[in-house]
There are 2 protein chains.
Amino acid sequence: MFQFELLKESKECKARLGKIKTNHGEIETPIFMPVGTRATVKTMTPEELKDLKAQIILSNTYHLFLKPGTDIIEKAGGLHKFMNWDRPILTDSGGFQVFSLRNNRKITEEGVEFRSHIDGSKKFLSPEKSMEIQNILGSDIMMAFDECAPYPASHDYVEHSMHRTTRWAKRCKDYHTNTDNQALFGIIQGGMYKDLREVSAKDLIELDFPGYAVGGLSVGEPKDLMVEILDYTTDLMPKDKPRYLMGVGTPDYLFEAVEHGIDMADCVLPTRIARNGTCMTSRGKVVVKNAKYKEDFTPLDPECDCYVCKNYTRAYMRHLFNVDEILGLRLASIHNLHFLINLMENIREAIKNDCFLEFKDDFYKKYGYND
Amino acid sequence: MFQFELLKESKECKARLGKIKTNHGEIETPIFMPVGTRATVKTMTPEELKDLKAQIILSNTYHLFLKPGTDIIEKAGGLHKFMNWDRPILTDSGGFQVFSLRNNRKITEEGVEFRSHIDGSKKFLSPEKSMEIQNILGSDIMMAFDECAPYPASHDYVEHSMHRTTRWAKRCKDYHTNTDNQALFGIIQGGMYKDLREVSAKDLIELDFPGYAVGGLSVGEPKDLMVEILDYTTDLMPKDKPRYLMGVGTPDYLFEAVEHGIDMADCVLPTRIARNGTCMTSRGKVVVKNAKYKEDFTPLDPECDCYVCKNYTRAYMRHLFNVDEILGLRLASIHNLHFLINLMENIREAIKNDCFLEFKDDFYKKYGYND
């Protein structure tokens with residue numbers, strides 16, 4: 001079962017409200033998806049994620065393929081059971097990771113041969129292999145095996161890569177038969193070239209996927225260009241299917257994504273910056289491990305009602321980071337995930353009340369964005 | 001407020017049931033106390049400790065004195081508020097740690113001058129200074145500043161050290177005036193020498209502390225000798241005051257402690273071995289990070305009803321350790337703390353039902369102890 005219902009289109013911009021139904025529950029969109037690369041959202045239990053109202057998490061085909069290996073997750077009865085998470089899961093295709101192995105991969109029309117970053121052993125991923133793995137993982141939303149072209153890249157390179165991504169998308173669709181339980185999304189590529197975005201979107205839409213991602217953005221290009229290409233691309237996408245912008249997680253990029261018609265986004269950012277003691281707050285970032293907070297007995301964010309802000313001070317968190325205690329990472333991760341999940345909840349509320357742009361403006365001013 | 005009520009003495013051995021009342025709540029004895037060295041029980045939130053029914057935790061004067069420093073905890077309003085733990089806390093005196101700095105400390109009658117293990121800066125601890133720090137920490141139970149003599153050590157060395165510990169205990173008692181809120185325990189020393197244990201106990205009992213610890217055991221001596229000296233020492237101790245055996249946390253040592261009349265014990269063991277993926281189970285230790293568990297889809301301990309055993313498999317925990325994910329440490333820590341806290345609860349129940357020795361025997365057989 002996979003359904004998308006478009007509940008509302010904003011009067012102010014392209015922002016939309018929607019609902020995705022899966023076998024593991026419903027997802028209100030727009031949504032931010034926490035990332036659990038290796039079958040765990042770093043430092044978090046599933047119950048804690050639920051307390052934060054996480055509706056769906058993302059996990060990574062490449063990493064799970066290498067460790068613990070598909071065989072073990074198959075014997076466990078799939079990824080949901082293996083990691084004790086009974087809400088929806090989206091898995092990526094592994095494409096992004098294997099293409100990132102610049103000097104350790106060989107690309108052919110068939111697929112990508114690569115060496116594991118862990119032990120150097122030879123491995124192979126292809127559209128069919130990626131589908132096979134994701135079928136075993138049992139994710140509710142699967143992604144087609146693609147190349148996310150680097151930035152900058154020539155028109156020739158991106159055109160060639162984009163067409164191969166489309167051919168691979170067709171092979172993914174042909175191979176994937178468990179369509180009742182797992183929805184396969186196509187990924188629109190084309191880099192920063194509008195003509196190529198147009199071709200990619202048209203070809204993939206013909207294949208009639210139940211959802212579409214915008215790939216190849218937020219890869220180092222200027223923000224203006226990202227927004228321009230995103231805006232151009234979402235106009236090409238069907239309105240009645242969910243739209244997913246891959247790898248985006250800073251507050252401003254989430255606002256831009258929603259404003260330009262995106263329903264789903266994911267990023268490792270909230271748990272990654274937590275490891276450096278960096279926390280997002282309504283007044284901008286606070287690097288709580290810094291010495292200047294050692295006698296600051298106020299909460300991380302006075303306007304936040306998360307578990308961390310209700311119970312701990314900056315001084316205590318600074319102490320935990322200063323002595324390398326894991327509870328520090330945990331508290332920073334909980335707070336940052338809450339911040340983005342709660343932000344998206346507020347964004348949904350603002351769309352509902354037709355005040356998204358005002359909400360964005362207020363947020364930017366307080367957060368310290370000059371935009 | 002500090003009261004100890006002796007509720008029952010076993011008919012089978014010296015085991016006892018009791019209740020300690022403090023300003024931060026009651027403690028049923030015998031009890032195992034988790035250790036939160038740096039104002040955090042490693043990886044755990046206070047709420048998780050409460051879910052495990054932890055009634056009291058221990059924290060360390062030496063470590064908190066160095067980081068974050070007493071001034072910060074004072075400004076935070078004491079250790080309970082600083083770390084968000086509202087149940088009882090016991091603090092050690094710092095003596096054990098400074099005496100361990102073999103080559104970086106100078107002992108005089110006044111106290112111990114030492115160099116911080118963190119930055120090499122010169123510091124000083126004395127009976128008065130230890131009391132001053134513990135008064136600021138605001139622990140419910142404070143420990144007198146003592147020397148825990150090493151093993152082996154000569155009769156001369158231990159005699160000299162023990163007498164100084166007694167003189168220091170008197171200075172602690174004289175300095176500590178906040179007796180309504182914080183109970184100061186004396187520490188009986190004397191190494192493996194019964195004559196010295198006798199003198200130490202007699203002299204300290206004359207000072208009339210509200211509770212007594214047995215120090216200088218479990219420092220490397222054979223188990224038989226530990227039990228012999230413990231048994232000898234507890235006979236010297238008043239029955240109407242709580243008895244605390246310091247630094248003991250393996251299941252067999254906890255059984256021996258209780259059997260010989262101990263009410264309280266603490267150890268870093270459950271969280272320390274968790275970091276190596278070692279878990280205590282009803283059938284003995286399971287080193288869950290080992291490859292042999294990679295396809296073991298059973299719980300850590302089939303007889304355990306903790307959060308970890310109800311929700312996760314050995315295979316998943318092995319995976320988490322294999323890819324260095326913090327959730328692995330968390331799950332192993334939760335399980336191990338539950339194991340010891342639950343063991344003590346079962347021990348209390350066995351004492352109540354006059355079947356402690358049978359319970360011990362059954363446990364040893366299953367756990368694999370040859371005793």
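For the numbers below, each heavy atom of this structure counts, side chains included, while hydrogens, waters and symmetry mates do not. Keep in mind that this is a model prediction, so the values were computed, not measured. Throughout, a chain's letter reflects where its sequence line sits, starting with A, and its residues are numbered from 1.
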Review point. Is the number of heavy atoms from other residues, nucleotides or ligands under 6.0 Å of B/R275 CZ greater than 12?
Key: yes

Rounded to the nearest 0.5 angstrom, the OG1-CD distance for B/T43 and A/E325 is 9.0 Å

Ranking A/L331, A/D71, A/N322 by heavy-atom pairs under 4.5 Å to chain B gives rank one to A/N322

From the list B/K42, B/H63, B/R318, B/K81, the residue making the most non-hydrogen contacts under 4.5 Å with chain A is B/K42

Whatever's closer than 4.5 Å to a heavy atom in chain B on A/Y316 counts as both

CZ/A/R272: more than 12 non-hydrogen atoms of other groups inside 6.0 Å: no

Answer key: most heavy-atom pairs under 4.5 Å with chain A among B/L320, B/I118, B/I72 is B/I72

Looking only at A/L329, A/V41, A/I326, the option with the highest number of non-hydrogen pairs under 4.5 Å against chain B is A/I326

- Taking everything shown except A/K50 itself, do over 12 heavy atoms lie less than 6.0 Å from its NZ? yes

Exercise. Above 12 or not: heavy atoms from other molecules or residues under 6.0 Å from CZ of A/F96?
Worked result: no

Value for CZ (B/R330) from CD (A/E48), rounded to nearest 0.5 Å, stands at 4.0 Å

To the nearest 0.5 Å, atom NZ of B/K310 lies from atom CG of A/N84 at 11.5 Å

Counting heavy-atom pairs under 4.5 Å with chain A, the top scorer among B/I73, B/T313, B/L327, B/T37 is B/L327

**Over 12 non-hydrogen atoms of neighbours within 6.0 angstrom of NZ in A/K123** = yes

Bottom line for A/M44: the part with an atom under 4.5 Å from chain B's heavy atoms is backbone

Taking A/H319 for its side chain and B/R38 for its backbone only, find out whether a donor-acceptor pair lies under 3.5 Å.
yes

B/K292, NZ: over 12 other non-hydrogen atoms inside 6.0 angstrom
no

Greatest number of non-hydrogen atom pairs under 4.5 angstrom with chain B, of A/Y307, A/Y312, A/F82, falls to A/F82

